Amino acid sequence: MSAPILKVRDLKVYFSVRSDKSWPWSKPLSLKAVDGVSLDLQPGETLGVVGESGCGKSTFARALIGLVKAQEGSIQWQGRELVGLDAAGWREIRKDVQMIFQDPLASLNPRMTIGDVIAEPLRTFYPKLSRQEVKDRVKAMMLKVGLLPNVINRYPHEFSGGQCQRIGIARALIVEPKLVICDEPVSALDVSIQAQVVNLLKQLQQEMGLSLIFIAHDLSVVKHISDRVMVMYLGNQVEVGDGPVLYADPRHPYTRALMTAVPVPDPEIERNKEIQLLEGDLPSPIDPPSGCVFRTRCPIARDACADHDPPLDGEPRHQVACPYV
Ligand SMILES: Nc1ncnc2c1ncn2[C@@H]1O[C@H](COP(=O)(O)OP(=O)(O)OP(=O)(O)O)[C@@H](O)[C@H]1O
């Protein structure tokens, strides 16, 4: 196995929030959005990150690209420490690490033609390229993502959601990054379009040898694209495993509950599958449960779970943060 391109150790991102939003002098509280995440990402690998809304997926992704500040821990990109990097340092990293956002239209500047939108990172990182070179590269990239170059002078609002996401992908890939972080890139799209965009990302990932971090709410979306999957709950990792291993044998009760939410095409399996629904809401990350953060919703919780925060444990291909599974 080659050296990891990205190495994250015990990453913590806490936000300071007011106890009373309407009163600016109220006591500041600490919201634990990401609370001790570690992982290694290999070159060319795709990691799926899943968990319900509010569990810290976006904050984790944003910390990796410097859009939010990590308080503790380490992010090493090709051996270079990123925690504590200044703005100029982060700008250098963004040539190699690009991000694709959830809402395709909102992430595109409505006053720029799509040619200019896609060209923007190229102009930032390669200011010496001539206008013609930029145009040629933009057109080549448009073809790669399935957009006809003759629409280069149109504006984002003239395109459908799926096409806007193709524009977002073209913009992220035009500088030939090594890692692309996709933050719920298909959640805002119609189900019929979701598979097209996932397949396009998979194809480009293979063609360009990219590493991908692909964030989604549910396990079915990341299944066909991920080599490995990380399941997050309330800022913590609860299970990490090679895709086929984790899908065949989900161990953590939270992963099992997420899995239950995924419909199976075979009606017999669907009828017979063990239903394990999640009860209650996600606890507040301002005041998370003691010990295991999942214990308040866990069907197999016992008294000891309130005392110990279980670490990820198991063989490297499949690790679970629960001693009782
Ligand atoms: N800038 C911020 N200031 C304060 N709290 C924040 C900020 N950004 C996120 N949070 C809080 O951090 C927690 C994790 O949010 P995050 O958006 O990372 O979760 P998520 O899993 O990506 O959810 P979603 O799928 O809805 O995007 C939430 O409680 C959220 O309200």
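As the structure is a prediction and not an experimental result, all values here were calculated from the model. The residues of the chain are indexed from 1 along the displayed sequence. Read the numbers this way: they start at 1 and go in the same order the structure lists the ligands and their atoms.
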| task | Kindly determine whether Ser220 and Asp218 satisfy side chain to side chain donor-acceptor pair (under 3.5 Å), including the steps that lead there. | result | CA-CA 6 Å; Ser220 64; Asp218 84 64; 2.4 Å; yes
Nitrogen or oxygen of Gly56 less than 3.5 angstrom from that of ligand 1:
yes
Short version for Arg62: what comes under 4.0 Å of ligand 1, heavy atoms counted, is neither
Paired with Tyr126, the side chain to side chain donor-acceptor pair (under 3.5 Å) test is passed by just one of Glu133, Lys95, Arg137, namely Lys95
Atom 28 (C) of ligand 1 sits nearest the protein heavy atom Gly54 O, 3.9 Å
among protein heavy atoms, the one nearest atom 21 (O) of ligand 1 is Lys57 NZ, 2.9 Å
When you measure from the heavy atoms of Glu52 to every atom of ligand 1, does any distance fall below 4.0 Å? yes
shortest atom 6 (C) of ligand 1-to-protein heavy-atom contact is with Phe15 CD1, 3.3 Å
Open item on the list: I'd like to know if Cys55 contacts ligand 1, where contact means a heavy-atom distance under 4.0 Å to any ligand atom.
Closed with: yes
Q. Do NZ/NE/NH1/NH2 and the carboxylate oxygens of Arg94 and Asp96 come within less than 4.0 Å?
A. no
Result for side chain to side chain donor-acceptor pair (under 3.5 Å) between Tyr233 and one of Glu239, Glu52, Arg297 points to Arg297
Problem - Protein contact for atom 30 (C) of ligand 1 (heavy atom, distance under 4.0 Å) - result: no
State whether Lys7 and Asp40 are salt-bridged, where the test is any N-O pair (Lys NZ or Arg NE/NH1/NH2 against Asp/Glu carboxylate O) under 4.0 Å. no
Requested in this report: Looking only at distances, please establish whether an N/O atom of ligand 1 is found under 3.5 Å from an N/O atom of Thr59.
Outcome: yes
Atom 24 (P) of ligand 1 has as its nearest protein heavy atom Ser53 OG, 3.6 Å
Are Glu45 and Ser211 linked by a side-chain donor-acceptor pair shorter than 3.5 Å? no
So for Val17 against ligand 1, with non-hydrogen atoms under 4.0 Å, the contacting part is side chain
In this structure, atom 25 (O) of ligand 1 is nearest to the protein heavy atom Glu184 OE2, 2.8 Å
Exercise. Assert yes or no for the condition that the ring centre distance of Phe294 to His252 is strictly below 6.0 Å.
Key: yes
Item to complete: Tell me, please: is Gln102 in heavy-atom contact with ligand 1, that is, under 4.0 Å?
Response: no
For Ser58, the ligand 1 atoms with a heavy-atom partner under 4.0 Å come out as 17 (O), 18 (O), 20 (P), 22 (O), 27 (O)
_Between Lys32 and Glu72, does any NZ, NE, NH1 or NH2 come within less than 4.0 Å of an OD or OE carboxylate oxygen?_
no
TODO: For Asn199 and Gln203, test the side chains for any donor-to-acceptor distance below 3.5 angstrom and give the result as yes or no.
DONE: no
Quick look: Pro285 vs ligand 1, heavy-atom contacts under 4.0 Å, and the answer is side chain
In this structure, atom 11 (C) of ligand 1 is nearest to the protein heavy atom Leu31 CD2, 3.6 Å
Exercise. Are there protein heavy-atom neighbours of atom 19 (O) of ligand 1 below 4.0 Å?
Worked result: yes
When rounded to the nearest 0.5 Å, the distance separating CD1 of Ile118 from CE of Met141 is 8.5 Å
Answer yes when Asp116 and Arg123 have at least one side-chain N-carboxylate O distance shorter than 4.0 Å, and no when they do not.
-> yes
Checking heavy atoms under 4.0 Å, the part of Val68 that sits near ligand 1 is neither
